[in-house]
Colleague: 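Supplied in structure tokens, the structure appears directly below.
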Amino acid sequence: MLTVYSTAHRLHHATELKDGVLKPCFEMPSRADTIRARVQAVGLGDVIAPRAFDPSRYARVHSERYVRFLEQAWGEWRELGREHDALPLIWPVRDLRSDIEPEHIDGKLGFYAMDAGVAITAGTWEAVRTSADLALTGMAVLEAGERSAFALCRPPGHHAAAEYMGGYCYLNNAAIAAQAGLDGGARRVAVLDIDFHHGNGTQSIFYARDDVLFVSLHGDPKQSYPYFLGHRDETGAGAGLGFNHNYPLAHGTDWNGYGAALADACRRVAAHAPDVLVVSLGVDTFKGDPISHFRLESEDFLRIGATIAGIGCPTLFVMEGGYMVDDIGVNAVNVLCGFEGRS
Ligand SMILES: NCCCNCCCCCS
Ligand SMILES: [Zn+2]
């Protein structure tokens, strides 16, 4: 299996506002490098650099003004003489207005963010656009005839929606790749999100569409971030009704519960008969993850990969979350090895 990787991710190392305190972000550079080392150690396959894509490709799922904001935010922040991480201080909640884009960077940061887990630094734009380019390159690898590919994306993307960032995510790499699959001739695409956290951004982007099936297994939002989306009754809207399926699972879920839900989810994906499958590969479902609450063991990730392989269509794995850095390499690559029938 080919891996698409770039060191550009190291340009982004931010803080996050966690439990009321500014701390180094859990989504740290060593995550991607640990996975890259494991890919090499098991001999998964060649590691290739991404092609550079035009930002208009990101705007196939994000709004142009949002992409422009991501590109220009740091410069506008610096123009105010600020050198520390850019973070929102106000959000358009409840009956505040969000029909007018503010001109001031402090307004724009909240207008385009759902939480305080998306600091913007000097290198963020280059890192996030390269992360999206990894996913686009991975989709191009499938279109060239490969059965699978791994886009080692960092920062992740599944919490980012058309016009907002959140949960360490800025551009929705998986959604950008899924749209590229359709633009490249696929008639039906499925996105399977196995990160511990609900892929609210991916759901939101495709919610009213019947050409992309979205299926997510995650911590029940009644108990887990992102709290405000990911319930079982969210099944799509308009033409997209029936093309969105959520499997909220309780804290403490282990392979017994997870494996059964995943088997059902994969049956739903297979029934959609996708021309290509994009997997949002988060491994924060691991028992040792510092910010999540499932109890999967490292060998369970082999089983996850084998279960997904049973769907039987070209598959692009897009890296999402996973914050137990010591084990992230084994866990993420176990999914890929399991998919390939390796132990
Ligand atoms: N106490 C939980 C804080 C969650 N903060 C954001 C988590 C984003 C996960 C991305 S996969
Ligand atoms: Zn997550």
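No hydrogens, no waters, no symmetry mates; every other heavy atom, side chains included, goes into these values. Here the structure is a predicted model, which is why all the values come from computation and not from measurement.
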Colleague: Quick one: does His231's side chain have a donor or acceptor within less than 3.5 Å of a partner on Asp233's backbone?
Modeller: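 Judged by distance alone, no pair lies under 3.5 Å.
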Colleague: With a cut-off of 6.0 Å (strictly less than), are more than 12 heavy atoms of other residues, nucleotides or ligands near CZ of Arg10?
Modeller: yes
Colleague: Among Tyr170, Tyr66, Trp91, which residue satisfies the side-chain contact (heavy atoms from CB on, under 4.5 Å) criterion with Tyr112?
Modeller: Tyr66
Colleague: Ignoring hydrogens and geometry beyond distance, is a side-chain donor-acceptor pair present between Gln203 and His198 at under 3.5 Å?
Modeller: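 Gln203 vs His198: donor-acceptor pair found between side chains.
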Colleague: Any side-chain heavy atom of Met319 within less than 4.5 Å of one from Arg154?
Modeller: no
Colleague: Measure from the side-chain N and O atoms of Arg147 to the backbone N and O of Gly312, and report whether any donor-acceptor pair falls under 3.5 Å.
Modeller: yes
Colleague: Quick one: does any side-chain atom of Trp77 pair with a main-chain N or O of Ala122 as donor and acceptor, under 3.5 Å?
Modeller: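 A pair under 3.5 Å: no.
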Colleague: Should the ring pair Tyr323 and Tyr168 be called parallel, tilted or perpendicular, given that the plane angle runs from 0 to 90° and is split at 30 and 60?
Modeller: perpendicular
Colleague: Distance-only, no hydrogens or angles: does the Arg342 side chain make a donor-acceptor pair with backbone N or O of Val42 under 3.5 Å?
Modeller: yes
Colleague: Using side-chain heavy atoms (C-beta onward) and a distance below 4.5 Å, is Leu89 in contact with Leu109?
Modeller: no
Colleague: Give me the atom names and distance for the closest heavy-atom approach of Ala174 to Ser280.
Modeller: CB-OG, 3.5 Å
Colleague: Surrounding CZ of Arg51 (heavy atoms of other residues, nucleotides or ligands, distance under 6.0 Å), is the total greater than 12?
Modeller: no
Colleague: Please determine whether a side-chain nitrogen of the Lys or Arg among Asp33 and Arg36 lies less than 4.0 Å from a carboxylate oxygen of the Asp or Glu.
Modeller: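 Salt bridge between Asp33 and Arg36, a charged N being under 4.0 Å from a carboxylate O: no.
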Colleague: If only atom types and distance count, is the side chain of His245 paired as donor or acceptor with the main-chain N or O of Thr235 below 3.5 Å?
Modeller: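 No; judged by distance alone, with no hydrogens or angles, the pair does not exist.
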Colleague: Is there a donor-acceptor pair under 3.5 Å between the side chain of Glu76 and the backbone N or O of His104?
Modeller: no
Colleague: Taking all heavy atoms of Gly166 and all of Asp115, pick out the closest pair and write down the distance.
Modeller: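 So the two residues come closest at CA-OD1, 3.5 Å.
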Colleague: Tell me, yes or no, whether the heavy-atom count around Arg129 atom CZ, taken from other residues, nucleotides or ligands under 6.0 Å, exceeds 12.
Modeller: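 Atom CZ in Arg129 is crowded, with more than 12 foreign heavy atoms closer than 6.0 Å.
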Colleague: Do Arg209 and Gln179 touch side chain to side chain, with heavy atoms closer than 4.5 Å?
Modeller: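 Yes; the side chains approach each other to less than 4.5 Å.
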Colleague: Is a side-chain N or O of Asp46 found less than 3.5 angstrom from the main chain of Leu2, in a donor-acceptor match?
Modeller: no
Colleague: Under a 4.5 Å cut-off applied to non-hydrogen side-chain atoms, are Met165 and Met114 in contact?
Modeller: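 SC-SC contact between Met165 and Met114 ruled out.
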Colleague: Are any side-chain N or O atoms of Glu126 and backbone N or O atoms of Leu11, one a donor and one an acceptor, separated by less than 3.5 Å?
Modeller: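 Looks like no, no N/O pair under 3.5 Å.
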Colleague: Using the six-membered ring wherever Trp is involved, compare the ring planes of Tyr225 and Tyr227 and label them parallel, tilted or perpendicular (cut-offs 30° and 60°).
Modeller: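 Tyr225 and Tyr227: perpendicular rings.
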Colleague: Quick check on Glu64: does its CD atom have over 12 non-hydrogen neighbours (other residues, nucleotides or ligands) under 6.0 Å away?
Modeller: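 12 or below, so no.
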Colleague: I'd like to know if the side chain of Arg31 and the backbone of Gly322 have a donor-acceptor N/O pair within less than 3.5 Å.
Modeller: yes
Colleague: Please lay out, stage by stage, how Met139 and Ile176 fare under the test side-chain contact (heavy atoms from CB on, under 4.5 Å).
Modeller: CA-CA 10 Å; Met139 184 54 72; Ile176 288 167; over 6 Å; no
Colleague: Considering only heavy atoms from C-beta outward, does the side chain of Cys266 approach that of Ile308 to under 4.5 Å?
Modeller: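 Sidechains of Ile308 and Cys266: in contact.
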Colleague: Does the side chain of Ser298 pick up a donor-acceptor pair with the side chain of Asn331 at under 3.5 Å?
Modeller: yes
Colleague: Taking side chain as C-beta onward, heavy atoms only, is Leu22 less than 4.5 Å from Leu87?
Modeller: yes
Colleague: Write down the atom of Asn246, the atom of Glu234, and the distance for their closest heavy-atom approach.
Modeller: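 Looking at all heavy atoms of both residues, the shortest contact is ND2-OE1, 3.2 Å.
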Colleague: Go through the side-chain N and O atoms of Ser131 and Asn173 and say whether any donor and acceptor fall under 3.5 Å apart.
Modeller: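 Yes, a side-chain donor-acceptor pair sits under 3.5 Å.
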Colleague: Give a yes or no on whether Lys23 atom NZ has more than 12 heavy-atom contacts from other residues, nucleotides or ligands under 6.0 Å away.
Modeller: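 Yes.
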Colleague: NE2/His218 to CG/Asp220 distance, rounded to the nearest 0.5 angstrom?
Modeller: 7.0 Å
Colleague: Would you call Asp54 and Arg57 a salt bridge, taking side-chain N to carboxylate O under 4.0 Å as the test?
Modeller: no
Colleague: Hey, does Val189 have a side-chain heavy atom less than 4.5 Å from the side chain of Asp211?
Modeller: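 When only atoms from C-beta onward are counted, Val189 and Asp211 do not touch, as no gap falls below 4.5 Å.
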Colleague: Which heavy-atom pair separates Cys153 from Val318 by the least distance, and what is that distance?
Modeller: SG-CG1, 3.8 Å
Colleague: To the closest 0.5 Å, what do you measure between CG (Leu44) and CD (Gln40)?
Modeller: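 It comes to 10.5 Å.
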Colleague: Where do His9 and Thr130 land on the side-chain hydrogen bond (donor to acceptor under 3.5 Å, both in side chains) test, with the steps shown first?
Modeller: CA-CA 7 Å; His9 75 84; Thr130 304; over 6 Å; no
Colleague: Just how far is it from atom OG1 of Thr202 to atom CG of Asn172, taken to the nearest 0.5 Å?
Modeller: 3.5 Å
Colleague: Rounded to the nearest 0.5 Å, what separates atom CG in Leu192 from atom CZ in Phe214?
Modeller: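 Spacing of CG (Leu192) from CZ (Phe214) equals 8.5 Å.
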Colleague: Near Leu241 CG, under 6.0 Å, is it more than 12 heavy atoms from other residues, nucleotides or ligands?
Modeller: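 Count over threshold, so yes.
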Colleague: Can Asp284 and His197 be counted as having a side-chain donor-acceptor contact under 3.5 angstrom?
Modeller: yes
Colleague: Atom CG in Asn200, atom NE2 in His158: separation rounded to 0.5 Å?
Modeller: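 Separation between the atoms: 7.5 Å.
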Colleague: Just verifying a value: how many Å separate Phe53 CZ and Leu134 CG, rounded to the nearest 0.5 Å?
Modeller: 10.0 Å
Colleague: Side chains of Asp264 and Tyr247: donor-acceptor distance under 3.5 Å anywhere?
Modeller: yes
Colleague: For the ring pair Phe339 and Phe317, is the centre-to-centre distance below 6.0 Å?
Modeller: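 For Phe339 and Phe317, the ring centres are under 6.0 Å apart.
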Colleague: Considering only heavy atoms from C-beta outward, does the side chain of Val283 approach that of Phe301 to under 4.5 Å?
Modeller: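 Yes, side chains in contact.
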